[in-house]
Amino acid sequence: MKSHDRIFLSPPYVDKDELEMISRAFASKYIAPCGPQVDEFERRLAKLTERKYAVALSSGSAAIDLLMEEFKVDEDTVVFAPTLTFIATIASAYRRGAKIVLVDSDLSGCIDSAVLERALETERAENKVGRFVILTVDLYGKACDAEAIGALAKRYNAVYISDSAEAVGATYAGVSSAKAGDAAVLSFNGNKIITTSGGGAIVTDSKGIAERARKRSQQSRETKLWYEHKEVGYNYRLSNILAALGLAQLDKLDSILKKRAKIKAYYRAHLKMEEPFEEPGENNWLSVFLADSRAKRDRIIEVLADNDIETRPVWKPMHLQPVFKDKVTIYEGKIAETLFERGVCLPSGSALTEEQLKRICDIINNV
Ligand SMILES: *Cc1c(COP(=O)(O)O)cnc(C)c1O
């Protein structure tokens, strides 16, 4: 018999509250991708992110895809993104044939704005006609400096989209991370800080962006008695049942944020490991620490796995991914590579107990 339950990286944090909300949605008879819970979820997401509009969708990836559609990302578009991210950030732009320009991160975990500026300057000199889109990522819930990036976007006449999929609830200098740019993307996937099991959203202050995204997420159907279409759309709307789950999760967000901050603080106090990121503004989605070397990082992950504890290396940079070999442009990348080689994401679930945290720290400190 095992003496401990398996510890996951960031499992869903749900209880009877979620079940009750789902039951209520059931009772409302809106077992569909529309209904009162979707509407309420959108209102509360807009409020949380200090945006005028929110569009609830079936995933964060769907949100990104709809924004690529909105900004007509195609072969004549150059998309700038940090190399240190999850593939969903750039997948849609890549599929649409855009030129993908990857940029190193700095020690805030965000795209390095000095390197980004060099990339913009170089690409503008080479590419006089192309549309520019800047996609930033709030890595592990760490909000980017929206003012610095916003100034660059303005100077180079670029669309600015914030991939805040990992950063629900994060703020930078008191402002919601998802307030950055022309629009921001949220994700409620199973392991994100709050979950609808699968889901996402676009938040924006532009009525046009919100309305077009909502329409495209429902097959671009015109308001006619019959099914009339002036363009081809998508089926990306969030289910009303899942929105109900999201509402119960939003009720818990404050306590989840406090809990995750405590977890990070515990690791900080007890681990003999360096921390990679130094800027403020985070939701502590995952606690990330640096081993002295790649070998040591691998050893830590292995020993924890032997103890039934799930961890993960930091995202493998996109410029190192086999699928993008010779297909993307990279500006620098050494910091992203180092973070990948030495970084480890530790269990950060909102239900972790102090006893479990102690066990994790003891195991790591013994490696
Ligand atoms: C999770 C995530 C996404 C995609 O969200 P899904 O809801 O899983 O489609 C996009 N970007 C980043 C950085 C993410 O971590």
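Read the numbers this way: they start at 1 and go in the same order the structure lists the ligands and their atoms. Both backbone and side-chain heavy atoms feed into the values below; hydrogens, waters and symmetry mates do not. Residue numbers run from 1 in the order of the sequence given.
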Present, as a list of atom pairs with distances to 0.1 Å, all nitrogen or oxygen contacts under 3.5 Å between ligand 1 and the protein.
residue, atom, partner, partner atom, Å
ligand 1, 5 (O), Ser187, OG, 3.3
ligand 1, 7 (O), Gly60, N, 2.7
ligand 1, 7 (O), Ser187, OG, 2.7
ligand 1, 8 (O), Asn189, ND2, 2.9
ligand 1, 9 (O), Gly60, N, 3.4
ligand 1, 9 (O), Ser61, N, 2.8
ligand 1, 9 (O), Ser61, OG, 2.5
ligand 1, 11 (N), Asp163, OD1, 3.3
ligand 1, 11 (N), Asp163, OD2, 2.7
ligand 1, 15 (O), Glu166, OE2, 2.5
ligand 1, 15 (O), Lys192, NZ, 3.2

Item to check | Short N-O contact, Glu228 and Lys230, less than 4.0 angstrom | outcome: no
Next on the checklist: Looking at Arg43 and Glu40, is any side-chain nitrogen of the basic one under 4.0 Å from a carboxylate oxygen of the acidic one?
Outcome noted: yes
Next on the checklist: Could you check, using the six-membered ring where one of them is a Trp, whether Phe188 and Phe41 have ring centers closer than 6.0 angstrom?
Outcome noted: yes
Checklist entry - Got a salt bridge between Arg214 and Glu42, using NZ or NE/NH1/NH2 to carboxylate O under 4.0 Å? => result yes
Next on the checklist: If the threshold is 4.0 Å, N to carboxylate O, is there a salt bridge linking Glu166 and Lys142?
Outcome noted: no
Checklist entry - Which word best sums up how the rings of Tyr267 and Phe289 line up, parallel for under 30°, tilted for 30 to 60°, or perpendicular for over 60°? => result perpendicular
